[in-house]
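The structure displayed is predicted, hence computed values, not measured ones.
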Amino acid sequence: PFHSPISCCCFSYRPISCCCPSLPPERLLYNQGATVFLAFTHCLSSSSNVHGIVRRSSSFNTGRIEHLYKNPQAHIEGNMKLHYGDLTDSTCLVKIINEVKPSEIYNLGAQSHVKISFDLAEYTADVDGVGTLRLLDAIKTCGLINSVKFYQASTSELFGKVQEIPQKETTPFYPRSPYGAAKLYAYWIVVNFREAYNLFAVNGILFNHESPRRGANFVTRKISRSVAKIHLGQLDCFSLGNLDAKRDWGHARDYVEAMWLMLQTDEPEDFVIATGEVHSVREFVEKSFKHIGKTIVWEGKNENEVGRCKETGKIHVTVNHKYYRPTEVDFLQGDSTKARQKLNWKPRVTFDELVREMVDADVELMRNNPNA
């Protein structure tokens, strides 16, 4: 839900009584990253204090979580508290963790756009890979190894050029992007801290998780926004890349629950979180248009392919090669059997429900603010 390029960190903490005698039974600190909005909401609903790290910006960058303030109009904090920081700054991480003394840390901060990681490869490695190490080292420096549980937002992009179908916890990794490679380092450094220092640290290998709060330049949200604009007469046509890329799409709300469940276990383990269903970008387009009463018929091949509305004859979708990745990931399908058995977790929102929710939310958004 909070798909943002801002790099920060998420943590949940129980206070150390000698340092924080007046604090409630549990405190959480979150890194502003992929699913922070729902993670904040989930933790606040359990009467926790939630701390978030937000990167300094010349403009306000807390729009998706403003309603979680005690007083949204005045930005007065209640159980949610924000700290300025960055995953590229070790000193600030040590300072914040030492001040808050978390019991749980959820690292959701990353440069998480796969295509953009080819253009920002060094930055992606610094934030997504070394940033995770900085966070783990900060825990160790603050002497909290024995009192903190650490969640690392891993990714299905680790599997890249898939070595088996479906992909599970034991499937060999083969990343196909700077983003995937950076996350691979993060995955193994988490495993290393778990084995070397006995830190309760887990990797959540989450397959694609979406919601109406997905960033506008991610393909699912680009589709739902564009379809909404076409429905309202604000747009005629939009362009996409690889229409035949297939993904295992779930709802971020379900996946946030899985993240939390991983830190409630007695022993730290890594888990794949996925629906087990596969759908193509093409299918996402078709179902989005179907929800607004349009049938898309495909014509042409490769970069000359277009999606034409059967009812009106208008072309609404074109293909542009600039949206292709230098190395494509064609097929991802997760096997979450381990999570279903050990965490008693299962996805609740279906693919069709997800598509409808995203399109409906963007129709409402564009109706109220066409420039959104």
Side-chain angles (χ1 to χ4, degrees), residues 1-3 33-35 38-39 106-118 124 128-129 132 151-191 202-211 214-215 218-221 241-242 244-259 261-262 269-281 283-284 325-340 343 345-347 349 351 354:
F2 195 174
H3 291 278
T35 53
L38 288 182
Y106 296 80
N107 179 26
L108 309 183
Q111 190 300 103
S112 59
H113 197 288
V114 178
K115 176 65 166 64
I116 292 174
S117 77
F118 286 94
T124 301
D128 301 12
T132 303
Y151 173 85
Q152 168 64 16
S154 199
T155 170
S156 58
E157 289 289 329
L158 293 178
F159 299 117
K161 189 174 181 180
V162 299
Q163 302 299 292
E164 68 176 347
I165 297 174
Q167 298 86 54
K168 53 184 180 292
E169 290 81 6
T170 57
T171 301
F173 298 135
Y174 195 141
R176 297 267 282 173
S177 65
Y179 169 75
K183 283 289 192 175
L184 183 63
Y185 173 81
Y187 174 93
W188 283 115
I189 199 64
V190 167
V191 172
V202 303
N203 286 289
I205 308 174
L206 273 56
F207 280 63
N208 294 63
H209 40 291
E210 315 296 322
S211 87
R214 186 54 134 153
F218 286 81
V219 66
T220 51
R221 186 74 195 289
N242 184 4
D244 294 315
K246 293 179 174 64
R247 293 292 184 270
D248 185 331
W249 278 301
H251 198 295
R253 183 168 57 247
D254 291 339
Y255 288 42
V256 163
E257 179 190 16
M259 288 163 36
L261 286 170
M262 287 180 214
E269 294 184 72
D270 303 325
F271 289 91
V272 162
I273 302 298
T275 69
E277 294 184 15
V278 177
H279 302 275
S280 65
V281 173
E283 187 178 352
F284 201 106
R325 302 175 186 176
T327 43
E328 284 284 344
V329 173
D330 297 316
F331 185 97
L332 291 173
Q333 180 183 23
D335 178 357
S336 59
T337 299
K338 180 180 176 181
R340 292 170 190 253
L343 302 178
W345 175 88
K346 64 179 180 180
V349 181
F351 177 72
L354 172 64

Exercise. Is there a donor-acceptor pair closer than 3.5 Å between any side-chain N or O of Glu210 and the backbone N or O of His251?
Worked result: no
For this session: Verify side-chain contact (heavy atoms from CB on, under 4.5 Å) between Leu108 and Tyr151, making sure each step is shown before the conclusion.
Result: CA-CA 8 Å; Leu108 309 183; Tyr151 173 85; 3.8 Å; yes
Exercise. To the nearest 0.5 Å, how far apart are CZ in Arg247 and CG in Asp330?
Worked result: 7.5 Å
For this session: Report yes or no: does Glu169 contribute a side-chain atom to a donor-acceptor pair with the main-chain N or O of Phe271 at less than 3.5 Å?
Result: no
Exercise. Do Thr132 and Asn107 touch side chain to side chain, with heavy atoms closer than 4.5 Å?
Worked result: yes
Exercise. Rounded to the nearest 0.5 Å, how far does CG of Leu158 lie from OH of Tyr174?
Worked result: 14.5 Å
Exercise. Sub-3.5 Å donor-acceptor pair from the side chain of Ser117 to the main-chain atoms of Tyr179, do we have one?
Worked result: yes
For this session: Kindly compute the distance separating CG (Asn242) from OG (Ser280), expressed to the nearest 0.5 Å.
Result: 9.5 Å
Problem set entry | Main-chain N/O of Asp254 paired to Trp345 side chain as donor or acceptor, under 3.5 Å | yes
Problem set entry | Check: Lys168 and Thr170 side chains under 4.5 Å, non-hydrogen atoms | yes
Seminar exercise, completed: Nearest heavy-atom contact between Val329 and Ala245 is O-CB, 4.3 Å
For this session: Could you tell me which non-hydrogen atom of Gly334 sits nearest to which non-hydrogen atom of Ala274, and how far apart they are?
Result: CA-CB, 3.5 Å
Problem set entry | Minimum-distance pair of heavy atoms, taken over all atoms of Ser211 and Ala252 | CB-CB, 4.4 Å
Exercise. Got a donor-acceptor contact below 3.5 angstrom from the Asp248 side chain to the Leu332 backbone?
Worked result: no
Exercise. Residues two or more places apart in sequence or in another chain: which of them pass salt bridge (charged side-chain N to carboxylate O under 4.0 Å, His left out) with Arg340?
Worked result: none
For this session: Would you name the heavy atoms of Pro175 and Leu184 that are closest together and state the gap between them?
Result: CG-CD2, 4.0 Å
For this session: Measure from the side-chain N and O atoms of Lys183 to the backbone N and O of Ser112, and report whether any donor-acceptor pair falls under 3.5 Å.
Result: no
Exercise. Between atom NZ of Lys346 and atom CD of Glu257, what is the distance when rounded to the nearest 0.5 Å?
Worked result: 10.5 Å
Exercise. When you measure from the side chain of Arg176 to the backbone N and O of Glu328, does any donor-acceptor pair fall under 3.5 Å?
Worked result: yes
Seminar exercise, completed: For Pro166 and Asp335, the nearest pair of non-hydrogen atoms, with its separation, is CG-CB, 3.7 Å
Problem set entry | Non-hydrogen side-chain atoms of Phe207 and Val272 separated by less than 4.5 Å | yes
Problem set entry | Aromatic contact, Phe351 with Phe284 (centres under 6.0 Å) | yes
For this session: Check whether any side-chain heavy atom of Met262 lies under 4.5 Å from a side-chain heavy atom of Ile273, and answer yes or no.
Result: yes
Exercise. Can you name the residues that form a salt bridge (charged side-chain N to carboxylate O under 4.0 Å, His left out) with Asp270, not counting sequence neighbours?
Worked result: Arg194
Exercise. Roughly how far, to the nearest 0.5 Å, is the CG atom of Leu206 from the CE atom of Met259?
Worked result: 7.0 Å
Seminar exercise, completed: For Tyr187, the ring pair (Phe, Tyr, Trp, His ring centres under 6.0 Å) test, sequence neighbours excluded, returns Phe173
Exercise. What's the shortest heavy-atom distance between Asp128 and Ala182, and which atoms?
Worked result: CB-CB, 3.8 Å
Exercise. With no hydrogens and no angle check, do the side chains of Asn203 and Gln152 hold a donor and an acceptor under 3.5 Å apart?
Worked result: no
Exercise. Has the side chain of Gln111 got a donor or acceptor atom that lies under 3.5 Å from a matching backbone atom of His113?
Worked result: yes
